[in-house]
Amino acid sequence: MADKFNVAVLGATGSVGQRFIQLLQGHPWFEVNELVASDRSSGQRYADVCDWRVSDAMPESAREIRVKGLHDSIESQVVFSSLPGGLASEVESRLASEGKQVFTNASDNRMVPDVPLVIPEVNPEHVGLIDVQRKNRGWDRGLIVANPNCSTIHLVLALQPIWEQFGIELAMVTTLQAVSGSGYPGVPSLDMIDNLVPYIGGEEEKIESETTKILGTLTEDHIASAAITLSTQCTRVPVRDGHTESVSLKLRKSASVDEVIEAFSSFRALPQELGLPFAPEKPVVVRDQPDRPQPVLDRDAQNGMASVVGRVRECSIFDVKFMVLGHNTIRGAAGASILNAELLVKKGYIS
Ligand code: NAP
């Protein structure tokens, strides 16, 4: 690709925004040239207003960019949004109506019927909903594609190999989610040290509804929800990055533990076939040590783009159970949006 697509990052000073800037540095197809945040930051140099919390140094190319506010005009063709929920919907729709291709991390648009909620290894065909979206809204070039909640992404990436080979009737899921999942500074340290919080507002509902949409079927003009029932409990734990989930499944077709492990290990999908730049070689990594996956050891597997499963074994109530872990701001957020955008380049929606 000779020229790169110009990119704007919304919410550029936040946890996910910083990840976008880190991950997009040197990307072969996308180049960050506009950064957008709140009135607190607009008009100032990015280096002066961003409390950079990523281990790599802030890219030189970002340091001097003057941060824009939401009311400034955006020139870039591709927009990566990490705006807070509640604010995102109106801004993202306005930008898409101006012809921008918008990739959102916020929850506002995920369950909107004509917005595809995409994990490229799971439901790449759902991008066909963009044609319905454009028709409904009178857009010719603009579009909105959402990526799921950070826990949903890792859950569904792990479910997909089992879903396609054996079917899943019931799923019981308990999450142990990192503190960075609520942004920076997030949950106060005095609530997290020596503690666990057994409640994350709205999270259980998001995981359950988003999963049935992602595993659903694209009909002529909507997504028909998948026939899977989930029961979810979400907890916040004193881990910096990396969400862990305990999963028990009732399958539609019987499978041995070895067959389930083989389904995980051999799983490859469209992004791997297409060789998308951000596609992990192995979307689902299996750890066979009895005490894995662990956030500190496993969250960066495949550059943070994989879901790591372990402790795969029989369940005495359902059929099979396992643990899954993944990075919440890489594959769970910014990396997910970038992979969605790469898929849309290949599908011809960004040109
Ligand atoms: P965050 O660290 O709190 O960052 C929020 C960003 O939004 C900052 O850049 C902030 O700019 C900007 N912002 C806040 N109010 C604004 C306003 N009124 N106008 C314009 N910009 C405004 O949050 P985050 O964790 O990055 O999350 C961002 C989004 O991604 C949320 O929708 C979240 O649900 C979603 N998400 C987060 C994760 C995760 O693991 N953290 C994972 C998946 C999805 P200022 O610095 O100028 O205030």
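Whatever order the structure lists them in is the order used to number ligands and atoms, beginning at 1. Just so it is clear, the model here is predicted, and its values are computed rather than measured.
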Distance filter under 4.0 Å to [X] heavy atoms, resulting ligand 1 atoms:
{"X": "Tyr184", "value": "2 (O)"}
{"X": "Asn105", "value": "30 (O), 35 (C), 44 (C)"}
{"X": "Gly332", "value": "42 (C), 43 (C)"}
{"X": "Ser41", "value": "45 (P), 46 (O), 47 (O)"}
{"X": "Ala106", "value": "32 (O)"}
{"X": "Gly85", "value": "32 (O)"}
{"X": "Ala333", "value": "42 (C), 43 (C)"}
{"X": "Ala37", "value": "11 (O), 20 (C), 21 (N), 47 (O)"}

Should [X] be counted as touching ligand 1, given the test is an N or O pair under 3.5 Å?
{"X": "His243", "value": "no"}
{"X": "Thr329", "value": "no"}
{"X": "Val16", "value": "yes"}
{"X": "Gly14", "value": "yes"}
{"X": "Thr13", "value": "yes"}
{"X": "Ser182", "value": "no"}

Checking a contact table here: which protein heavy atom is nearest [atom], and how many Å away?
{"atom": "atom 28 (C) of ligand 1", "value": "Ser82 O, 3.1 Å"}
{"atom": "atom 6 (C) of ligand 1", "value": "Gly11 CA, 3.7 Å"}
{"atom": "atom 25 (O) of ligand 1", "value": "Gly183 CA, 3.0 Å"}
{"atom": "atom 2 (O) of ligand 1", "value": "Ser15 N, 2.9 Å"}
{"atom": "atom 41 (N) of ligand 1", "value": "Ser180 O, 3.0 Å"}
{"atom": "atom 22 (C) of ligand 1", "value": "Ser38 CB, 3.6 Å"}
{"atom": "atom 17 (C) of ligand 1", "value": "Leu87 CD2, 3.3 Å"}

Could you tell me which non-hydrogen atom of [X] sits nearest to which non-hydrogen atom of [Y], and how far apart they are?
{"X": "His222", "Y": "Leu129", "answer": "CA-CD1, 4.0 Å"}
{"X": "Ile130", "Y": "Tyr349", "answer": "CG2-CE2, 3.7 Å"}
{"X": "Lys100", "Y": "Ile74", "answer": "NZ-O, 2.9 Å"}

Where does Leu83 meet ligand 1, judged by heavy-atom distances below 4.0 Å: at the side chain, the backbone, both, or neither?
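Both backbone and side chain.
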Is it the side chain (CB and beyond), the backbone, both or neither of Leu70 that lies under 4.0 Å from ligand 1, heavy atoms counted?
side chain
Is there a side-chain contact between [X] and [Y] (heavy atoms, below 4.5 Å)?
{"X": "Glu273", "Y": "Leu270", "answer": "yes"}
{"X": "Thr244", "Y": "Met323", "answer": "yes"}
{"X": "Leu87", "Y": "Leu70", "answer": "yes"}

Just by distance, do the side chain of Gln272 and the backbone of Pro280 share a donor-acceptor pair under 3.5 Å?
yes
Donor-acceptor pair, side chain of Asp221 and main chain of Val132, under 3.5 angstrom
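Judged by distance alone, no pair lies under 3.5 Å.
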Taking Trp52 as the starting point, is it possible to reach Val9 by hopping between hydrophobic residues whose side chains are less than 4.5 Å apart?
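Hydrophobic grouping puts Val9 with Trp52.
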Can you list every pair that meets salt bridge (Lys or Arg N to Asp or Glu O under 4.0 Å) and has a residue in residues 251-262, with sequence neighbours left out?
none
Regarding atom 40 (O) of ligand 1: of the candidates Asn328, Leu10, Ile330, which has the closest heavy atom?
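When every heavy atom of Asn328, Leu10, Ile330 is considered, Asn328 comes closest to atom 40 (O) of ligand 1.
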Proximal candidate to atom 15 (N) of ligand 1 [heavy atom criterion; set Pro84, Ser107, Ala12]
Pro84
Apply salt bridge (charged side-chain N to carboxylate O under 4.0 Å, His left out) to residues Arg137 and Asp114 and explain how you reach the verdict.
CA-CA 10 Å; Arg137 303 177 187 218; Asp114 66 0; 2.6 Å; yes
Without hydrogens or angle criteria, can the side chains of Asn105 and Ser82 be said to hold a donor-acceptor pair below 3.5 Å?
no
Which residue in the set Lys206, Glu208, Glu203 passes side-chain hydrogen bond (donor to acceptor under 3.5 Å, both in side chains) when paired with Thr232?
Glu208
Distance check, rounded to the nearest 0.5 Å: Thr152 atom OG1 versus Leu157 atom CG?
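Rounded to the nearest 0.5 Å, the OG1-CG separation comes to 11.0 Å.
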Return a yes/no value: protein heavy atom under 4.0 Å from atom 33 (C) of ligand 1?
no
Check: residues 309-321 side-chain donor-acceptor pairs under 3.5 Å, at least two apart:
| unit_1 | atom_1 | unit_2 | atom_2 | d |
| --- | --- | --- | --- | --- |
| Arg311 | NE | Pro290 | O | 3.4 |
| Arg313 | NH1 | Arg311 | O | 2.6 |
| Asp319 | OD2 | Leu251 | N | 2.7 |

